[in-house]
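Nothing here was measured: the structure is a model prediction, and the numbers come from that model.
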Amino acid sequence: MARAGKDDDALVERGGGDAAPNPVWFKPIMIGLMLVGLVWVLVFYLSGNNYPIPGIEGWNLVIGFGIAFIGFLMTTRWR
């Protein structure tokens with residue numbers, strides 16, 4: 001005879017509205033992107049519009065804010 005119910009204990013069911021937690025790397029990457037974007041913009045302003053990438057001038061702002069924006073978008077998925 002087979003044992004009834006033995007394998008049922010191994011299954012973990014989630015409710016319909018429960019979301020899985022984020023992986024361990026999610027929060028450090030999220031915060032890191034926001035900080036890298038901030039540092040990028042600060043370096044751009046403090047260097048007199050010459051760095052971090054010389055020659056592209058105002059596009060450095062777009063890159064810096066873009067990196068930070070990706071980090072902020074990640075906050076909407078954080079659980």
Under 3.5 Å donor-acceptor, N22 side chain and R79 backbone: yes

I'd like a table of donor-acceptor pairs (distance under 3.5 Å, sequence neighbours excluded) in which one partner is a side-chain atom from residues 65-76, with atom names and distances.
| unit_1 | atom_1 | unit_2 | atom_2 | d |
| --- | --- | --- | --- | --- |
| T75 | OG1 | F72 | O | 2.4 |
| T76 | OG1 | L73 | O | 2.6 |

Hey, can you pull the donor-acceptor pairs under 3.5 Å for the side chains in residues 26-46, sequence neighbours left out?
| unit_1 | atom_1 | unit_2 | atom_2 | d |
| --- | --- | --- | --- | --- |
| W40 | NE1 | N60 | O | 3.1 |
| W40 | NE1 | N60 | OD1 | 3.4 |

